[in-house]
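This one's a predicted model, so the numbers in the text were calculated from it and none came from an experiment. We count ligands from 1, going down the list as the structure has it; atoms in each ligand are counted the same way.
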Amino acid sequence: MTKVLSVANQKGGVGKTTTAVNLSAALSKIGKKVLLIDLDPQANATMGSGIDKTILDYSVYHVLLGLVEPSNALKRTDSNYDLLPANRDLIGAEIELTEESRREYRLDDTLKKLLTKYEFILIDCPPSLSLLTLNGLCASTGVIIPMQCEYYALEGLSDLINSIRRVHSNLNSSLEEIGLLRVMFDPRMTLSQQVSQQLITHFGSKVFKTVIPRNVRLAEAPSHGLSIMSYDPSSRGSQAYIEFAYELLAYTENTNKTSKDF
Ligand code: ATP
Ligand code: MG
């Protein structure tokens, strides 16, 4: 069964896009068929995948509004995953969809046409609990929440988890899994260690074992339109996302429900 995973956190700049792009590339590198959906008008996942957001004929906006078939908007990336790209048009979708029927399920309805082609579909959500994020959650089987191990990390997390639980109860019972991914981790900082420990104390096995380190190569890669696997495959950032891809695979291939379930 295709795993559809939203990468979500309403906090800005916590590593959602970096995770969505590099996990897509890592899963592709180990032979999985992957689609990345950019659901953020900032279009960082689009640019970071090497696709120019300024010259798109069609984007996820046209697909959500039912103006084109998803296959007409897909782009192939150099890292061997497909991308449903975004640009600023997506800001309008929030408003235009408000009056539409099944407005929370627009992405889900779209994905039904694509599920058979992919083993993993990753969704890069915007930094808000908006209708776009809701579309991501309503289309997903699981959520990856990137967390920076810093002082304010836990603030807002309960809002996000409550929203995810509400979607699970009221809108999408297939949304069953949730995992916290520690990113931008700096082992030399006592605070990083303390917050990481706090996360494990509060969330136990919902915290992924893999830790993504703070690594300047990860920050540089998007300016070249490359994933870290293409930009610097031997970097610590690349190795960490490959390790995370294997952890996710081991976890998702276990068909029985595991402790990361709700
Ligand atoms: P937004 O909420 O605006 O969509 P985001 O949650 O998608 O942001 P990113 O864009 O992935 O966050 O990351 C924010 C910044 O931190 C970027 O400049 C990115 O290059 C950098 N960054 C992300 N992860 C790492 C890392 N592990 N090491 C170093 N820099 C990182
Ligand atoms: Mg982002």
Contacting atoms of ligand 1, where contact means under 4.0 angstrom from a heavy atom of Gln42: 1 (P), 3 (O), 4 (O)

Numbered atoms of ligand 1 (with element) below 4.0 Å of Gly13, judged on heavy atoms: 1 (P), 2 (O), 3 (O), 5 (P), 6 (O), 8 (O), 12 (O), 14 (C)

Criterion side-chain contact (heavy atoms from CB on, under 4.5 Å) against Leu157, the qualifying member of Asn9, Asn162, Ile145: Ile145

Ligand-residue contact atoms, ligand 1 with Asp40, heavy atoms, under 4.0 Å: 4 (O)

Lys75 and its side-chain contact (heavy atoms from CB on, under 4.5 Å) partner, picked from Leu84, Asp52, Asp82, Ile51: Ile51

For atom 29 (C) of ligand 1, closest protein heavy-atom neighbour: Asn215 O, 3.3 Å

Atom 26 (C) of ligand 1 - nearest protein heavy atom and its distance: Met184 CG, 3.6 Å

Greater than 12 external heavy atoms within 6.0 Å of His224's NE2: yes

Distance from atom 9 (P) of ligand 1 to nearest protein heavy atom, with residue and atom: Thr18 OG1, 3.6 Å

Under 4.0 Å to a heavy atom of Gly12 - the qualifying atoms of ligand 1, by number: 2 (O)

Heavy-atom nearest neighbour in the protein, as seen from atom 5 (P) of ligand 1, with distance rounded to 0.1 Å: Lys16 N, 3.5 Å

Non-hydrogen protein atom less than 4.0 angstrom from atom 17 (C) of ligand 1: no

N or O pair under 3.5 Å between Pro222 and ligand 1: no

Donor-acceptor pair, side chain of Ser6 and main chain of Gly136, under 3.5 angstrom: yes

Atom 1 (P) of ligand 1 touched by protein heavy atom at under 4.0 Å: yes

Flag for Ser130-Glu94: side-chain donor and acceptor within less than 3.5 Å: yes

Tyr58, OH atom: more than 12 neighbouring heavy atoms under 6.0 Å: no

Protein heavy atom at shortest distance from atom 30 (N) of ligand 1: Ala219 CB, 3.7 Å

Ligand-side contact atoms (ligand 1) for residue partner Leu218, heavy atom cut-off under 4.0 Å: 26 (C), 27 (N)

Residue pair Thr46 / Asp38, side-chain donor-acceptor N/O under 3.5 Å: yes

Ligand 1 to Asn44 polar contact by distance, N or O atoms, under 3.5 Å: no

Taking atom 12 (O) of ligand 1 as the reference point, the nearest protein heavy atom with its distance: Gly15 N, 3.0 Å

Sub-4.0 Å atoms of ligand 1 with respect to non-hydrogen atoms of Val14: 5 (P), 6 (O), 12 (O)

Under 3.5 Å: N/O of Thr17 near N/O of ligand 1: yes

From CG (Leu137) to CG (Asp108), nearest 0.5 Å: 11.5 Å

Those atoms of ligand 1 less than 4.0 Å from some heavy atom in Pro213: 26 (C), 27 (N), 28 (N)

The Mg ion (ligand 2) contact by Gln42, N, O or S atom under 2.8 Å: no

Rounded distance [0.5 Å steps], CZ in Arg88 versus CG in Leu56: 13.5 Å

Chi angles and distances behind the side-chain contact (heavy atoms from CB on, under 4.5 Å) call for Leu36, Leu23: CA-CA 9 Å; Leu36 171 60; Leu23 181 59; over 6 Å; no

Pair Cys138-Val167, side-chain contact (heavy atoms from CB on, under 4.5 Å): steps then yes or no: CA-CA 7 Å; Cys138 284; Val167 172; 4.2 Å; yes

Thr18 and Tyr241: side chain donor to acceptor below 3.5 Å: no

